[in-house]
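Residue numbers run from 1 in the order of the sequence given.
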Amino acid sequence: MNTDADAPFWQRKSLAELDPEEWELLCDGCGRCCLHKLVDVETGSVRVTAVACRLLDLDRVRCSDYANRHVGVPECLRLSPESDATFAQLPNSCAYRMRWEGRPLADWHPLVSGDPESVRRAGISVWRKVIGEADADLEDLERYAYED
């Protein structure tokens, strides 16, 4: 963490010190956390699928009911500064995970680049790379798994 008062908030503050607005700004909007995952109960390893949560608007790559997502999708990730186990399941490119691990944000992150489209241009976003639940066989998610 940078103690320089002129440093941006994400460099100056720990995750626990972020206010709600800063917490939301840290999200790069990639949509990767909204993908179905396969968790091996024996090893704890997580594999990502190319199937998006039913609430993910695939064109905007934003949750269509963000305020109520945990009601509509109880298994939706709940992130908080105390979410150690959850941070470890997030993609390596996730800003929350990067800051949790003490790493700097990537150059393509909108807070660094100043451009909300930089996440798509860098190929990090799930935009046009995934399918919705309605188009997937949810009984056979294994067939949609890929290495992240």
Side-chain angles (χ1 to χ4, degrees), residues 1 8-11 13-113 115-148:
M1 209 164 24
F9 73 85
W10 65 89
Q11 292 177 354
K13 296 181 175 183
S14 70
L15 290 173
E17 295 171 323
L18 297 178
D19 65 36
E21 181 182 1
E22 293 167 336
W23 179 267
E24 293 300 324
L25 285 170
L26 195 55
C27 175
D28 59 38
C30 72
R32 289 179 172 198
C33 62
C34 299
L35 301 179
H36 283 269
K37 290 147 191 84
L38 301 169
V39 180
D40 185 316
V41 292
E42 291 180 18
T43 67
S45 67
V46 178
R47 294 178 58 219
V48 180
T49 72
V51 179
C53 167
R54 65 185 165 276
L55 294 180
L56 186 66
D57 178 326
L58 297 178
D59 291 324
R60 293 179 37 245
V61 192
R62 292 284 185 249
C63 184
S64 61
D65 192 12
Y66 187 74
N68 301 302
R69 67 194 181 281
H70 294 115
V71 174
V73 181
E75 64 276 12
C76 181
L77 289 177
R78 293 181 186 268
L79 283 182
S80 73
E82 299 81 31
S83 300
D84 286 355
T86 305
F87 288 126
Q89 292 181 18
L90 294 171
N92 284 326
S93 61
C94 177
Y96 295 104
R97 181 172 179 172
M98 294 173 87
R99 296 308 305 139
W100 175 66
E101 292 175 343
R103 294 185 287 139
L105 297 184
D107 290 343
W108 50 259
H109 192 287
L111 287 173
V112 177
S113 70
D115 178 6
E117 294 299 313
S118 59
V119 117
R120 285 187 186 181
R121 279 196 304 283
I124 302 301
S125 173
V126 301
W127 184 63
R128 295 191 175 169
K129 295 180 182 177
V130 300
I131 61 174
E133 286 182 3
D135 298 318
D137 178 358
L138 297 180
E139 299 299 317
D140 188 18
L141 281 174
E142 186 72 35
R143 70 190 273 206
Y144 306 100
Y146 70 93
E147 296 301 319
D148 189 31

> R121: what forms a side-chain hydrogen bond (donor to acceptor under 3.5 Å, both in side chains) with it, not counting sequence neighbours?
Replying inline: D115
> What is the minimum heavy-atom distance between R97 and L90, and which atoms define it?
Replying inline: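 For R97 and L90, the tightest heavy-atom pair comes out as NH1-O, 2.5 Å.
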Which residues pass the side chain to side chain contact (heavy atoms under 4.5 Å, CB included) test with [X], sequence neighbours left out?
{"X": "L105", "value": "W10, L26, A95, R99, H109, L111, V112"}
{"X": "D40", "value": "E42, T43, S45"}
{"X": "A134", "value": "none"}

Are the side chains of [X] and [Y] in touch, meaning some heavy atoms are under 4.5 Å apart?
{"X": "L77", "Y": "Y96", "answer": "no"}
{"X": "V61", "Y": "C30", "answer": "no"}
{"X": "W108", "Y": "S93", "answer": "yes"}
{"X": "L38", "Y": "E142", "answer": "yes"}
{"X": "F9", "Y": "D19", "answer": "no"}

>> Does atom CD (E21) have a neighbourhood of more than 12 heavy atoms from anything else shown, all under 6.0 Å?
In response: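 At most 12 heavy atoms, drawn from other residues, nucleotides or ligands, come within 6.0 Å of this atom.
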>> For D107, is the CG atom crowded, meaning more than 12 foreign heavy atoms sit under 6.0 Å from it?
In response: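 Count not over threshold, so no.
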> So, does D57 use its side chain to make a donor-acceptor pair with the main chain of R60 at under 3.5 Å?
Replying inline: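 It does hold such a pair.
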> Please, which pairs that meet ring pair (Phe, Tyr, Trp, His ring centres under 6.0 Å) have at least one residue in residues 26-74, sequence neighbours excluded?
Replying inline: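 Sorted pair list comes back empty.
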> What pairs with F87 under ring pair (Phe, Tyr, Trp, His ring centres under 6.0 Å), at least two apart in sequence or on another chain?
Replying inline: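 For F87 the ring pair (Phe, Tyr, Trp, His ring centres under 6.0 Å) partners, ignoring immediate neighbours, are W100.
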>> What verdict does the side chain to side chain contact (heavy atoms under 4.5 Å, CB included) test give for V119 and W127, after you've listed the backbone C-alpha separation in whole Å, the side-chain angles of each residue and the deciding distance to 0.1 Å?
In response: CA-CA 10 Å; V119 117; W127 184 63; over 6 Å; no
